[in-house]
Amino acid sequence: MGRDTIAEIITSIRNADMNRKGTVRIAWTNITENIVKILLREGFIQNVRKHRENQQYFLVLTLQHRRNSKGPYGTVLNLKRISRPGLRIYSNYQRIPKILGGMGIVILSTSQGIMTDREARLERIGGEILCYIW
């Protein structure tokens, strides 16, 4: 049985964010690198660096946290996996959902590579909806 690397990334980032961890280490693949680049470009994480250990590569992410927050901790990052190996969800460019009225992003896997919902609408390409981030 295969591993769902996208779900592992999302879970690792969500758990680190909820526990106020500054960094999280995830396994490197081409898909994870493209998703992390989108997160960095959209401002959901601060920094990314590639780390090699025992012939394997890892991505070390530096997360953003709300500083000076007194009271209950609110997560900065909300991630939700949509398409999964048992149930793939596809959409054309006209029906790509808008998260929080455009405040969040949808990450899609298209024929042109992994991109956000805004880029897919501009390119007029649909694809598999991987996850929502807000």
Side-chain angles (χ1 to χ4, degrees):
M1 185 172 217
R3 294 172 43 186
D4 187 6
T5 56
I6 298 169
E8 289 177 5
I9 296 167
I10 290 172
T11 304
S12 297
I13 294 172
R14 186 184 308 122
N15 289 343
D17 189 45
M18 287 185 348
N19 290 324
R20 297 185 186 189
K21 300 286 183 188
T23 60
V24 63
R25 190 176 92 164
I26 57 174
W28 177 86
T29 61
N30 286 332
I31 294 172
T32 59
E33 184 175 17
N34 290 332
I35 291 174
V36 167
K37 282 181 184 177
I38 289 173
L39 290 175
L40 182 65
R41 188 175 63 226
E42 295 290 328
F44 289 105
I45 58 176
Q46 279 184 346
N47 192 13
V48 178
R49 69 176 194 270
K50 200 172 185 180
H51 180 68
R52 183 176 177 180
E53 187 176 298
N54 297 334
Q55 304 298 327
Q56 288 185 331
Y57 286 99
F58 295 96
L59 293 174
V60 179
L61 313 177
T62 306
L63 302 177
Q64 289 188 353
H65 292 290
R66 292 185 186 147
R67 303 195 200 302
N68 303 329
S69 63
K70 300 188 186 192
Y73 175 71
T75 59
V76 175
L77 221 63
N78 290 307
L79 300 109
K80 184 177 181 185
R81 176 80 158 118
I82 302 302
S83 186
R84 51 192 170 88
L87 179 65
R88 304 284 186 189
I89 307 294
Y90 296 95
S91 176
N92 62 9
Y93 76 95
Q94 297 162 334
R95 296 183 184 223
I96 298 172
K98 288 189 177 184
I99 307 303
L100 293 177
M103 297 290 288
I105 62 170
V106 178
I107 296 181
L108 295 121
S109 176
T110 66
S111 59
Q112 303 293 317
I114 294 178
M115 60 179 64
T116 65
D117 55 339
R118 288 180 222 114
E119 294 167 347
R121 283 189 197 97
L122 286 174
E123 298 280 332
R124 298 174 68 98
I125 313 173
E128 180 182 354
I129 298 175
L130 298 178
C131 60
Y132 297 158
I133 301 169
W134 68 97

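In this structure a side-chain-to-backbone donor-acceptor pair under 3.5 Å is missing from Arg52 to Phe58. Between the side chain of Arg81 and the main chain of Ser83, a donor-acceptor pair closer than 3.5 Å is present. Judged by distance alone, the side chain of Asn47 and the main-chain N or O of Thr62 form no donor-acceptor pair under 3.5 Å.
Remark: Arg84 pairs with no residue by the salt bridge (charged side-chain N to carboxylate O under 4.0 Å, His left out) rule, at least two apart or across chains.
Between Asp117 and Gly104, the shortest heavy-atom contact is OD2-O, 4.4 Å. Closest of all the heavy-atom pairs between Asp4 and Pro85 is OD2-CD, 3.5 Å. In plain terms, the two heavy atoms of Ser12 and Ile26 that are nearest each other are CB-CG2, 4.0 Å. Listed here is the closest heavy atom pair of Gly126 and Thr110: O-CG2, 3.5 Å. In terms of heavy atoms, Val48 sits closest to Leu59 at CG1-CD2, 4.2 Å.
With rounding to the nearest 0.5 Å, the separation of CD1 in Ile129 from OH in Tyr90 is 11.0 Å. The CD atom of Glu42 sits 4.5 Å away from atom CD1 of Ile105, with the distance rounded to the nearest 0.5 Å. Rounded to the nearest 0.5 angstrom, Ile114 CD1 and Glu128 CD are separated by 9.5 Å. A distance of 4.5 Å separates CG of Leu61 from CD1 of Ile45, quoted to the nearest 0.5 Å. To the nearest 0.5 Å, atom CD1 of residue Ile99 and atom CD1 of residue Ile133 are 10.0 Å apart. The distance from atom CG of Asn78 to atom CD1 of Ile10, rounded to the nearest 0.5 Å, is 12.0 Å.
The stretch residues 22-36 participates, sequence neighbours left out, in these side chain to side chain donor-acceptor pair (under 3.5 Å) pairs: Arg25-Glu53, Trp28-Glu33, Thr29-Thr32.
Under the 4.5 Å side-chain heavy-atom criterion for grouping Ile, Leu, Val, Met, Phe, Trp and Tyr, Leu122 is not connected to Val106 through any hydrophobic cluster. Val60 and Ile13 fall into different hydrophobic clusters, where Ile, Leu, Val, Met, Phe, Trp and Tyr residues are linked whenever their side-chain heavy atoms come under 4.5 Å apart, directly or through other members. Two different hydrophobic clusters hold Met115 and Ile31 under the rule that ILVMFWY side chains link at heavy-atom gaps under 4.5 Å. Leu40 and Tyr57 end up in the same hydrophobic cluster when Ile, Leu, Val, Met, Phe, Trp and Tyr side chains are linked at under 4.5 Å. Two different hydrophobic clusters hold Ile125 and Ile89 under the rule that ILVMFWY side chains link at heavy-atom gaps under 4.5 Å.
For the pair Lys80 and Tyr132, the cation-pi test (distance below 6.0 Å, angle within 45°) is failed.
The pair Glu123-Arg118 fails the salt-bridge criterion, with no side-chain N (NZ, NE, NH1 or NH2) lying under 4.0 Å from an Asp/Glu carboxylate O. For Arg41 and Glu119, the salt-bridge test passes: some basic side-chain N is under 4.0 Å from an acidic carboxylate O.
Atom NZ of Lys50 is surrounded by more than 12 heavy atoms from other residues, nucleotides or ligands within 6.0 Å.
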Worksheet entry | Audit row: Leu79, Cys131, side chain to side chain contact (heavy atoms under 4.5 Å, CB included) steps and yes/no | CA-CA 7 Å; Leu79 300 109; Cys131 60; 5.6 Å; no
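Arg121 and Tyr93 share no donor-acceptor pair across their side chains, judged by distance under 3.5 Å alone.
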